[in-house]
Amino acid sequence: MRLSKSIWQTYKEIPADAEIASHQLMIRAGLIHKVGSGLYNYMPFGYRSIRKVEQIIREELDKIDCQEILMTVVTPGELWQESGRWEKMGGEMLKFKDKGERDLCISPTNEETVTDIFRKIVKSYKQLPLTLYQINTKFRDEIRPRFGLMRGREFTMKDAYSFHMDKSSLDKGYQELFDAYCAIFNRIGLEFSAVEADAGAMAEGDAKTHEFQVIANSGEDQIIYCEEENYAANAEKAETIRGGVEFNLQEAAIGIVDTPNKTTIEEVCAFLSLPQQQSLKSLVYYADIEGEDHFILCLLLGDDSLNELKLRNILACQELRPATDSELLKLNLVKGFIGPKGLAADKMRVIYDQAINRDAYYITGANQEDKHFENFCPARDGMIGETADLRMAVEGDYTLSGAHQIQVKRGIEVGHIFQLGDLYTKALGVKVLDQNGKTKAPLMGCYGIGVTRVVAAAIEQGHDENGIIWPKSIAPFHVYFALVGKSEEIKNEAEKIYQELLNAGIEVLFDDRNAGAGFKFKDSDLLGLPLRLVLGERNFKENGQLELIMRSTGEKELVSPEGIATTIQQALDKLEK
RNA sequence: CGGAGCGUAGCGCAGCUUGGUAGCGCACUUGCUUUGGGAGCAAGGGGUCGGAGGUUCAAAUCCUCUCGCUCCGACCA
């Protein structure tokens, strides 16, 4: 491609609404254009990268006999009503009606459609296992779109679905997809981690599921990991043991202390000059369990925070949120001074976090305005309650074996794989005959990759102050060929070289624009193709040579125009990714 | 949805407090000069100041309503 004929606009200014590097760079480098909140047009060079990601995914999935299909973006509401997700999906799913007043939606995911295809065609165990996938546009009306392609509302996703007769086949299929995902992200050249995750609304709580997280400081997820034990999990899911707590084990009588206007753990502990871990944090939550209202008191060490997801899984509740001020009033609780002692036991379920030593002595709310208890000992003074893992894992924790400390990184979730079980096949009444001629609902797995998010994540991992540094695997082109000079002679030489590179099948972007050298170099760095080849008046007149620069290292060498295509090909082969 | 903020040229912003000719930088067009790290000079094109209503002789500026966008929380590839 020659730049004189392409629609490409770069920007010096950082767009006002872009926060993170990938978003800023994709806009500045002219890869995407914003249309509306969470909506982006893919411009030619950005789209080339997206298609390269798609192609890598295709090749790896086809290798393990997955079959590509393309399902409709608009799907009838009936299918979703059948699975029960028409209501469940909530506002995230964009629903509308056609002229005949029939319900439709723009697919946020495709379990229903693929299951519908399956049930219409597959009748026998002989046709299983089977994996179908598509690469298609999804729309999710995200509560809060942000960070450009990282969390857009319209985005490109690869979604795959596998069908199996039994659990061992599902396990095998799951593992194949797991391995394919590793191959895909390795080929792209991303530093990633496959972590244990929570299934969320997709499947039963104990279903096997992994997230593929690209390591980046701007990531929205926290990953807990331990290299020694080969453990990695999303912080939401991670089970760890807290270390380094100094409990107060000095026996003392319980008593009330005045703590005027000290409503937070920080304030109370600072006021009483005690470490926060010698206080108990009392959090009251409202939960809707099978349609009934419940209030739960969660107790944590003062400097820990609650992992709501863990609580949600313990309660198996439909809705979970902190109790409102008016609900607290009804329960006779004083906000800021809540504690486990003196509560009406029948009104509330009490859960102690497992990090709490029930034989130790703590500061805790006295359920009276401006008062706290000191030397409250749960075993001696407390209301009976259950024990569970409620806390959010943090740096400094130990693994469950207790042998190693865990570490924390931030990650961008680019892929997620689930074992769905028979959730959807049962809901949609799918029946397949097994070896004994009996009908059975097959088991499913589903496997997603955020294609457009992968591109953004790759830029998060590959950039510097001058612009993008693409991995070779998904760079829009491999070579930025800049012509620096005005004479007819050098222009002719450039044309010759460009043709030679094209003929050799090298992906070259030819900067033949009528612009200054500095201008072209800045654009070249911003776009971030792996190699820059410069044909300049200066070098060419002096010694007849061109300059070849690696974007990632800045390494330069002079190369001869003789056999330029071979030279470039060799330089490309040397690049790792 | 709750909280905070912003809408003025394609992009980044000033002007608004104290109402009176709509501005600056980048980008764009033309000419001349320049040509190895976003060139210089000169001349130009481009705006119903997000929208509607109101106050006023007069509104980008003041008031009311509305729409859009961004940021902080719950969702997710």
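Reminder, nothing fancy here: chain letters follow the sequence lines and each chain counts from 1.
A:Arg2 and A:Asp511 are not joined by a salt bridge, as no carboxylate oxygen comes within less than 4.0 angstrom of a charged side-chain nitrogen.
Residues A:Tyr133 and A:Tyr161 keep their aromatic ring centres 6.0 Å or farther apart. Less than 6.0 angstrom separates the ring centroid of A:His416 from the ring centroid of A:Phe418.
Side chain of A:Leu526, nearest nucleotide from B:rG37, B:rC11, B:rG38: B:rG38. When distances are taken from the side chain of A:Phe521 to each of B:rC75, B:rG36, B:rC13, the shortest belongs to B:rG36. Nearest nucleotide to the side chain of A:Val534, out of B:rG36, B:rC76, B:rG25: B:rG36. For A:Asp221, whose side chain is taken as the heavy atoms from C-beta onward, the closest listed nucleotide among B:rC75, B:rA77, B:rC76 is B:rC76. For A:Arg140, counting side-chain heavy atoms from C-beta on, the closest listed nucleotide (B:rG12, B:rC26, B:rA77) is B:rA77.
Within the shown strands, B:rG54 is the pairing partner of B:rC62 under the Watson-Crick or G-U definition, both distances less than 3.5 Å. Nucleotide B:rA39 is matched to B:rU33 when pairs are restricted to Watson-Crick or G-U wobble geometry with both distances under 3.5 angstrom. Pairing of B:rC1, defined by two Watson-Crick or G-U wobble distances under 3.5 Å, is identified with B:rG73. Across all strands shown, B:rU18 forms no Watson-Crick or G-U wobble pair with both key distances under 3.5 Å. B:rG7 is paired with B:rC67 under the criterion used here, namely a Watson-Crick or G-U wobble arrangement in which both key atom distances are under 3.5 Å. Across all strands shown, B:rC24 pairs with B:rG12; the Watson-Crick or G-U wobble distances both stay below 3.5 Å.
Of the two residues near RNA chain B, A:Lys34 and A:Val451, the one whose nearest nucleotide lies more 5' is A:Lys34. Nucleotides of RNA chain B nearest to A:Arg153 and A:Phe540 differ in position, and the one nearer the 5' end is that of A:Phe540.
Stacking of A:Phe155 onto the six-membered ring of B:rA77 is present: less than 5.5 angstrom between centres, less than 30° between planes.
Annotation: cation-pi geometry not satisfied between A:Arg453 and A:Phe155 (NZ/CZ under 6.0 angstrom from ring centroid, within 45° of ring axis). Because its NZ or CZ atom is not both nearer than 6.0 Å to the ring centre of A:Phe185 and within 45° of the ring axis, A:Arg187 does not count as a cation-pi partner of that residue.
The base of B:rC76 lies close enough to the side chain of A:Arg151 for a donor and an acceptor atom to sit less than 3.5 Å apart. Within 3.5 Å, no donor on the side chain of A:Asp198 pairs with an acceptor on the base of B:rC76, nor the reverse. Residue side chain A:Arg532 reaches the base of B:rG37 through a donor-acceptor N/O pair under 3.5 Å, judged by distance alone. Taking 3.5 Å as the limit, the base of B:rG10 and the side chain of A:Gln9 contain no donor-acceptor pair of atoms between them. For B:rC11, the base has no donor-acceptor partner in the side chain of A:Arg28 [N/O atoms by modelled type, under 3.5 angstrom].
At the phosphate of B:rU70, OP1 or OP2 sits under 4.0 Å from a side-chain N or O atom of A:Ser37. An OP1 or OP2 oxygen of B:rG73 is reached within less than 4.0 angstrom by a side-chain nitrogen or oxygen of A:Arg144. OP1 or OP2 of B:rU34 has not a single side-chain nitrogen or oxygen of A:Lys486 nearer than 4.0 Å.
At a threshold of 4.0 angstrom between heavy atoms, the contacts of A:Ile449 with the nucleic acid are absent. Across all strands shown, A:Gly536 has heavy atoms under 4.0 Å from base atoms, whether or not it also approaches the sugar-phosphate. As judged by a 4.0 angstrom heavy-atom cut-off over every strand, A:Glu19 is placed among residues touching the sugar-phosphate backbone only.
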Yes or no on side chain to side chain contact (heavy atoms under 4.5 Å, CB included) for A:Gln134 and A:Val114, after CA distance, side-chain angles and deciding distance? CA-CA 10 Å; A:Gln134 68 166 347; A:Val114 78; over 6 Å; no
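When the P atom is used for both B:rG53 and B:rU30, the distance is 41 Å, rounded to whole Å. Only the P atoms considered, B:rA60 is 49 Å distant from B:rA77, to the nearest whole Å.
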